[in-house]
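Note that this is a predicted model, so its numbers are computed, not measured. What's counted below: heavy atoms across the whole structure, side chains too, no hydrogens, waters or symmetry copies. First the proteins, then the strands, lettered A, B, ... as listed; each starts at 1.
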Number of protein chains: 2
Amino acid sequence: MGVDKPASKMFIQIVRELREIIQNEKIPPGGKIPSERVLAERLNVGRSSIREALRSLELLGLIETRRGGGTFVADFRNHQLVEVLSTFILQEEKTLRNVHETRKILERDAIRIVAEDEKLRNLPVWESLLTNLIIEGRIEREDLMREIIITSNNRLVLKIWILLKQYGKEPYNGLSTEEEQPFLQTFISEIMLGHTEEAIQAFELWTMLLHKERE
Amino acid sequence: MGVDKPASKMFIQIVRELREIIQNEKIPPGGKIPSERVLAERLNVGRSSIREALRSLELLGLIETRRGGGTFVADFRNHQLVEVLSTFILQEEKTLRNVHETRKILERDAIRIVAEDEKLRNLPVWESLLTNLIIEGRIEREDLMREIIITSNNRLVLKIWILLKQYGKEPYNGLSTEEEQPFLQTFISEIMLGHTEEAIQAFELWTMLLHKERE
DNA sequence: TGTTCAAAAGTGGTCAGACCACTTTTATAG
DNA sequence: CTATAAAAGTGGTCTGACCACTTTTGAACA
């Protein structure tokens, strides 16, 4: 029942634990979460750690807090997402593929939106990303996709994406390698040119490469 | 320079302050943020409050933390930190539109998957749906989309879709009307023929029609 | 018995201070 | 000038203490 202390990221662990608690005890949207003090004791951690985790979830809009009242699962669409996702993930490992696929769906669409909108695809971000790529030869994959999704301007998608990312333990997680550079370069360039389909194709190739590498 | 105490959501205030600090002092991606203790003193708040704000940003992937080293602006180049923060903080309430958009993203992709897979698009379901449409002239929209999504074979997407559907209070919810029939007919036919882009186009037209009707 | 309402308990919000483990800087010995 | 050990700095965590507010409780009253 206790929480391990993996040296760092304890509050991330607690976020996980919270998800399990919400799921196991079937706390519905709008339902009350155990108090901070109770959680601290149950998980054998300090109250401050619990709070760091709760505040994170609150910024994401997954829980609501009422001073003097308690903490509640958000009475809103998003938290249920958490429930759905945790239920899903905790079931079987084969569903991991679904998580990846779903994430790719969201990513692909964000690319479309950005590439097809003149204003969005002409933001200076892409230019500098490209420059950086050429100079340094590397880019954090997650960061690139996050940037695209943020630009695509759908908060809900961003939230879902972040959640999926946390669960996904994506096979690709490091920096881009040299082999990938041409794909990445093409990818970003096509976006900037507004060549939607080409951009997506480059994205697919890139993704494929990433999966192949790590197997 | 101090932080107000608006009764609640202090850590949100701190997130705001952090944004300003990063902006005003032009801390670049990868650059170092003042230490927690320094921030606490500068903003006249306790260190724990600072930490709650920082942990939130960390969960969002906007900052990085190195034990013993310090806290840094996330090292992805030229990210739109300011925009992200305002997106989350300003709580723009165009949420409902986001829900619809997200749902459409999932639907569109399901259509692609079905149309591009020979086995899936040749299932007898579509034939009988088409027949029904012609004979009875009506189809439950939700049923059609559900069928497509189920066929696309991603349970996670299905769950998310159902969820979004519940919250969406979609403007279209009834049976199809006569005007829509040609679009629907085209839509299903194109899927069966494996004409992905045409099917999606028909889908878009259909969707557009539905929205127009109810406004 | 039923209602009212004030006290008590519970809860989130915040702060201060204390360690720990780790990294960076500084100062010293060679 | 360099190597290395000490010191300072930093994030990570816990504890305990108040505060302001809400919920619950229980006793007095009608």
Side-chain angles (χ1 to χ4, degrees), chain A residues 1-18 21-22 25 27 29-76 79, chain B residues 1-18 21-22 25 27 30-75 89:
Chain A
M1 181 62 68
V3 172
D4 293 340
K5 291 191 189 179
S8 68
K9 313 295 180 191
M10 155 93 87
F11 83 99
I12 296 278
Q13 262 301 324
I14 295 180
V15 167
R16 287 213 162 79
E17 295 277 346
L18 283 174
I21 287 177
I22 291 174
E25 306 188 2
I27 302 175
K32 192 173 176 187
I33 293 174
S35 79
E36 297 178 351
R37 289 167 178 85
V38 169
L39 285 174
E41 193 169 355
R42 256 175 69 172
L43 304 184
N44 270 309
V45 297
R47 192 181 152 209
S48 50
S49 296
I50 296 287
R51 281 186 61 81
E52 291 179 10
L54 288 177
R55 264 1 92 208
S56 300
L57 294 181
E58 187 174 351
L59 187 64
L60 273 180
L62 301 178
I63 61 175
E64 283 172 4
T65 262
R66 284 171 228 155
R67 183 190 211 136
T71 305
F72 304 80
V73 173
D75 187 11
F76 181 58
H79 55 28
Chain B
M1 185 51 71
V3 171
D4 295 339
K5 289 192 191 180
S8 66
K9 313 295 179 194
M10 155 92 88
F11 85 99
I12 295 278
Q13 264 302 324
I14 295 179
V15 168
R16 281 206 169 86
E17 295 280 345
L18 283 174
I21 287 177
I22 292 172
E25 306 187 3
I27 302 176
K32 191 173 177 184
I33 294 174
S35 80
E36 297 179 350
R37 288 168 177 86
V38 170
L39 286 174
E41 194 169 354
R42 257 174 71 171
L43 304 185
N44 270 310
V45 298
R47 193 181 153 210
S48 50
S49 296
I50 296 287
R51 279 186 62 79
E52 290 178 10
L54 288 178
R55 264 358 94 211
S56 300
L57 295 183
E58 186 175 351
L59 188 64
L60 277 180
L62 299 178
I63 62 175
E64 285 170 5
T65 262
R66 286 171 226 154
R67 183 192 209 130
T71 305
F72 304 80
V73 173
D75 187 17
I89 294 167

Contacting residues from residues 34-41 of chain B, given that a heavy atom lies under 4.0 angstrom of DNA chain D =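 Nucleic-acid contacts, sorted: Ser35(B), Glu36(B), Arg37(B).
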Can you tell me if [X] touches the phosphate of [N], counting only side-chain N or O atoms and a distance under 4.0 Å to OP1 or OP2?
X        : N       : answer
Thr65(B) : dG11(D) : no
Arg51(B) : dG12(D) : yes
Ser49(B) : dG13(C) : no

With a cut-off of 6.0 Å (strictly less than), are more than 12 heavy atoms of other residues, nucleotides or ligands near CD of Glu25(B)?
->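 Enclosed: over 12 neighbouring heavy atoms sit under 6.0 Å from CD of Glu25(B).
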Rounded to whole Å, please give me the gap between [atom1] in [X] and [atom2] in [N].
X        : N       : atom1 : atom2 : result
Met10(B) : dG13(C) : CE    : C1'   : 8 Å
Phe11(B) : dG13(C) : CZ    : P     : 9 Å
Glu52(B) : dC15(C) : CD    : C1'   : 11 Å
Ile12(B) : dG12(C) : CD1   : P     : 17 Å
Glu64(A) : dG12(C) : CD    : P     : 14 Å
Asn44(A) : dT13(D) : CG    : P     : 14 Å
Glu58(A) : dT11(C) : CD    : P     : 17 Å
Arg66(B) : dT10(D) : CZ    : P     : 14 Å

Looking at Glu36(A) and Arg55(A), does any basic side-chain N land under 4.0 Å from a carboxylate oxygen?
-> yes
Looking only at non-hydrogen atoms, find the nearest pair between Phe72(B) and Gly30(B) and report the distance.
->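 Answer, listing the atom of Phe72(B) first, then Gly30(B): CD2-O, 3.5 Å.
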Which heavy atom of Ala53(A) sits nearest a heavy atom of Leu18(A), and at what distance?
-> CB-CD1, 4.3 Å
Kindly determine whether Leu39(B) and Ile21(B) satisfy side-chain contact (heavy atoms from CB on, under 4.5 Å), including the steps that lead there.
-> CA-CA 10 Å; Leu39(B) 286 174; Ile21(B) 287 177; 3.8 Å; yes
Within-4.5 Å side-chain heavy-atom neighbours: Arg42(B) and Pro34(B) =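 Yes - at least one pair of side-chain heavy atoms lies under 4.5 Å apart.
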Contacts of Gly68(B) and Leu54(A) projected onto DNA chain C by closest heavy atom; the upstream (5') one is Leu54(A)
Within the modelled atom types, does a donor on one side and an acceptor on the other bring the side chain of Arg47(A) and the base of dG13(C) under 3.5 Å apart?
-> yes
For the side chain of Arg67(B), counting heavy atoms from C-beta on, which of dC14(D), dC22(C), dA20(D) is nearest?
->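 The answer is dC22(C).
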Evaluate the criterion side-chain contact (heavy atoms from CB on, under 4.5 Å) for residue pair Ser49(A) and Ile14(A); output intermediate values, then yes/no.
-> CA-CA 8 Å; Ser49(A) 296; Ile14(A) 295 180; 3.7 Å; yes
Position toward the 5' end of DNA chain D (nearest nucleotide), Gly46(A) or Gly70(B) =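 Upstream on the strand: Gly70(B).
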